[in-house]
2 protein chains.
Amino acid sequence: MSQHRHPGAPGRAGAVPALPDLPEATVARLPEYLRALHNLADTGHETVSSEGLSAAAGVNSAKLRKDLSHLGSYGTRGVGYDVALLIEQIEYVLGLTQRRAVALVGVGNLGHALAGYDGFASRGFRIAALLDADPSRVGEEINGLVVRHVDDLPTVAAEESLAIGVIATPAAAAQQVADQLVAVGVTSILNFAPCVLSVPEGVDVRKVDLAIELQILSFHEHRKASLTALPATGGSALTALPGGFAATDTQEAIGT
Amino acid sequence: MSQHRHPGAPGRAGAVPALPDLPEATVARLPEYLRALHNLADTGHETVSSEGLSAAAGVNSAKLRKDLSHLGSYGTRGVGYDVALLIEQIEYVLGLTQRRAVALVGVGNLGHALAGYDGFASRGFRIAALLDADPSRVGEEINGLVVRHVDDLPTVAAEESLAIGVIATPAAAAQQVADQLVAVGVTSILNFAPCVLSVPEGVDVRKVDLAIELQILSFHEHRKASLTALPATGGSALTALPGGFAATDTQEAIGT
DNA sequence: CGCGATTTGTGCACGTCTTCACAAGCGCCT
DNA sequence: AGGCGCTTGTGAAGACGTGCACAAATCGCG
Ligand SMILES: NC(=O)c1ccc[n+]([C@@H]2O[C@H](COP(=O)([O-])OP(=O)(O)OC[C@H]3O[C@@H](n4cnc5c(N)ncnc54)[C@H](O)[C@@H]3O)[C@@H](O)[C@H]2O)c1
Ligand SMILES: NC(=O)c1ccc[n+]([C@@H]2O[C@H](COP(=O)([O-])OP(=O)(O)OC[C@H]3O[C@@H](n4cnc5c(N)ncnc54)[C@H](O)[C@@H]3O)[C@@H](O)[C@H]2O)c1
């Protein structure tokens, strides 16, 4: 409300104003709002209502409003949110006003795809270095960057202020790489290897595991199948799809 | 407890026994337990305690026990869990007793990496088809599979019983691809494109967005920086690490 | 200038998830 | 057989997240 915690005007860095400490769930949604806002800005919208934005981001509008209220947001009742202003706000809170340097370790199958991904640059990041342990990979040029040896990490860290390390090595090497990243001062890690990393307190790790996502989907698939096999207990009007014969359950039967 | 809901013994499919409906949070952790269990099995462990398994999976042991208790699990007090049995249990619940067929749409930069990923096969899935809209990509062979045109999807679906669709196309094409997948009966989608998909009720969508993960890390990075700048206001006894000056710098010292 | 339409910001109630703490159960050793 | 140590399974409490519903604020218009 009126207590507008002068929001560290995005242009006005310097004396870092204490960030409101947002609920983790909110933080996880802000990037989604940001993406939706950029789409809106690109299509010429100047303002957007919580209803409109929440639809574009795929969430409930009350949730969106509460999320935005946490960052002392600037909506106008009866009108909505100023798109450009809100983008600034969110980018500021997410720390995207400075383009953060990312070190990508492990330039194999997946690493190549990541290295060539333009989503880094367009969403606030910059690949500062490509690193690999395989001598035959060192020296290769990808997208204008030369692959360096992972043991050069200290040198790289000295040249650039690395904000985030991305691990795309096999699981067996991931912990060692994490240790190396931590050793040069990296405090945020995104891990694609299917394993848990142990890191000292103060270091954040996020994980992306394709197989986990698939297995979660598999569970729901399994459950849907087992439900349609039963005489629709709670029924829950499964509308939408014409012909209730539920596509999927068939495959359970096939199994041979 | 004693009500051991005869757990549809993994070997004994057939009359699909109603699945316990697990809390979503639990479902999301089961794959992690499964991976840890496989590691344990490979290293010759026959049993494991909740303490040991939870450590390997990176969670709290009470949480692990509660999760397992939801699937009427078979632990032995004083001993722990039988590794092989627990693997069977979890694989059954996740619906991994049958190898599910995955259709991968969009064989570009990222799609190539996914197509060459052995984590599919080793974790319960099988790439049944590679699809792309670009005529110049159709016919290309990757890892023993030939890329087919996305319009062949109905044919593919007729040949195989597709369980899951993976979308790795640009965001602009993702909704259309999703519609096509739904049209041929796919009810589970994993989406790598940075956009929200709208699908009919009964279809599950999960999203993997690299930029979102990075932005979440960026937020914490930003916050850590703004905290160390301040003279520990609410302090919240940030114990553990000696020298209150914020965790991170210590490991800096280790380096070299 | 006032009124109605619109939309934000939030109090509140509810559901879900996490964590502690401990009784009950199990195996082993004497 | 009995006791002891270990580990599971779970009750209860609290933290957290969600969504409804509505008062307060703002705009545009007559
Ligand atoms: N390929 C995918 O689509 C995919 C999808 C999800 C997850 N993953 C995971 O991502 C990781 C990489 O997968 P990939 O298919 O690119 O494997 P890959 O074998 O093609 O590439 C791994 C790369 O890491 C390098 N490497 C090995 N040890 C290293 C070390 N200590 N330091 C630095 N670099 C090192 C290797 O030289 C190689 O270039 C794996 O853990 C995999 O499970 C891959
Ligand atoms: N490359 C990465 O590391 C990475 C990481 C995260 C997310 N993503 C996302 O994954 C998606 C793919 O990225 P990419 O780098 O592989 O892009 P890409 O342009 O290299 O590949 C996209 C592929 O999709 C195909 N395609 C386009 N329209 C299609 C349609 N209607 N039906 C079927 N196929 C179609 C194209 O022919 C092309 O082969 C993008 O949305 C991107 O934002 C990529």
Side-chain angles (χ1 to χ4, degrees), chain A residues 1-5 7 20-30 32-33 36-37 40 45-83 85-86 89-90 93 216 220 234 236, chain B residues 1-5 7 20-30 32-33 36-37 40 45-83 85-86 89-90 93 216 234 236 239:
Chain A
M1 44 178 61
S2 55
Q3 178 200 335
H4 265 159
R5 72 159 68 255
D21 66 347
L22 309 172
E24 194 54 35
T26 296
V27 174
R29 283 187 294 264
L30 288 181
E32 199 70 59
Y33 303 155
L37 283 165
L40 287 167
H45 295 73
E46 303 248 313
T47 65
V48 64
S49 69
S50 66
E51 203 64 51
L53 182 53
S54 69
V59 305
N60 177 305
S61 71
K63 186 149 53 176
L64 174 102
R65 286 198 298 277
K66 190 155 288 185
D67 283 341
L68 294 186
S69 79
H70 282 125
L71 33 99
S73 150
Y74 280 53
T76 308
R77 296 174 187 219
V79 176
Y81 298 91
D82 181 294
V83 172
L85 180 60
L86 198 48
Q89 287 274 316
I90 294 180
V93 170
I216 294 172
H220 290 296
S236 80
Chain B
M1 47 178 59
S2 51
Q3 178 201 335
H4 264 159
R5 71 162 67 255
D21 66 347
L22 309 172
E24 193 54 34
T26 296
V27 174
R29 282 186 295 264
L30 288 180
E32 199 71 58
Y33 303 155
L37 283 164
L40 288 167
H45 295 73
E46 303 247 317
T47 64
V48 64
S49 70
S50 67
E51 204 64 51
L53 182 52
S54 69
V59 305
N60 178 305
S61 72
K63 185 150 53 176
L64 175 104
R65 286 198 298 278
K66 188 152 287 186
D67 283 342
L68 294 186
S69 78
H70 282 125
L71 33 100
S73 150
Y74 281 53
T76 308
R77 295 173 187 222
V79 178
Y81 299 89
D82 181 293
V83 172
L85 179 59
L86 198 47
Q89 286 275 317
I90 295 179
V93 171
I216 294 172
S236 76
T239 61

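Labels below follow one simple rule: chain letters A, B, ... track the order of the sequence lines, proteins then strands, and each chain is numbered from 1.
- Between the side chain of A/R77 and the base of D/dT26 there is no donor-acceptor pair of N/O atoms closer than 3.5 Å.
- Distance CG (B/D67) to P (C/dT16): 15 Å, rounded to an integer number of Å.
- For the pair A/S50 and C/dT8, the criterion of a side-chain N or O lying under 4.0 Å from OP1 or OP2 is met.
- Residue-to-nucleotide proximity on DNA chain D shows that, of A/G78 and B/E51, the 5′-proximal contact is made by B/E51.
- Side-chain contact between A/L30 and A/L71 is present, with heavy atoms from C-beta onward closer than 4.5 Å.
- Annotation for B/I216 and A/A28: closest pair CD1-CA, 3.7 Å, computed over non-hydrogen atoms.
- Remark: C1' of D/dT7 and CG of B/L68 are 13 Å apart, rounded to the nearest angstrom.
- Closest to the side chain of A/A62, from the set D/dA21, C/dC12, C/dG27, is D/dA21.
- One N or O donor and one acceptor, one from the side chain of B/K66 and one from the base of C/dT19, sit under 3.5 Å apart.
- Distances from the side chain of A/S69 to the nucleotides C/dT10, D/dT10, D/dA24 place C/dT10 closest.
- Closest of all the heavy-atom pairs between A/Y81 and A/G75 is CD2-CA, 3.4 Å.
- Considering only side-chain N and O atoms, A/T76 lies nowhere under 4.0 angstrom from the phosphate OP1 or OP2 of C/dT8.
- The side chain of B/Y81 places an N or O atom within less than 4.0 Å of a non-bridging phosphate oxygen (OP1 or OP2) of D/dG9.
- Between B/Y74 atom OH and D/dG9 atom P the separation is 11 Å, expressed in whole Å.
- Considering every non-hydrogen atom in both B/D82 and B/L85, the closest pair reads OD1-N, 2.8 Å.
- Set against D/dT8, D/dA24, C/dT19, the side chain of B/N60 has C/dT19 as its closest nucleotide.
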(request) Quick one: do B/L86 and B/L53 satisfy side chain to side chain contact (heavy atoms under 4.5 Å, CB included)? Show the steps, please. (result) CA-CA 11 Å; B/L86 198 47; B/L53 182 52; 4.1 Å; yes

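- D/dG17 atom P lies 11 Å from atom CG of A/L22, rounded to whole Å.
- For A/K63, whose side chain is taken as the heavy atoms from C-beta onward, the closest listed nucleotide among D/dG9, C/dG9, D/dT18 is D/dT18.
- Nearest nucleotide to the B/R65 side chain, out of C/dT7, D/dT10, D/dA21: D/dT10.
- In this structure, A/H70 atom NE2 and C/dG11 atom P are separated by 11 Å, rounded to whole Å.
- Residue-level contact check: B/A25 touches the backbone only, with heavy atoms under 4.0 Å from sugar-phosphate atoms and none from bases.
- Remark: B/R29 is in phosphate contact with C/dT18, judged by side-chain N or O atoms under 4.0 Å from OP1 or OP2.
- Look at CD on A/E24: it is 14 Å from C1' on D/dA15, rounded to the nearest Å.
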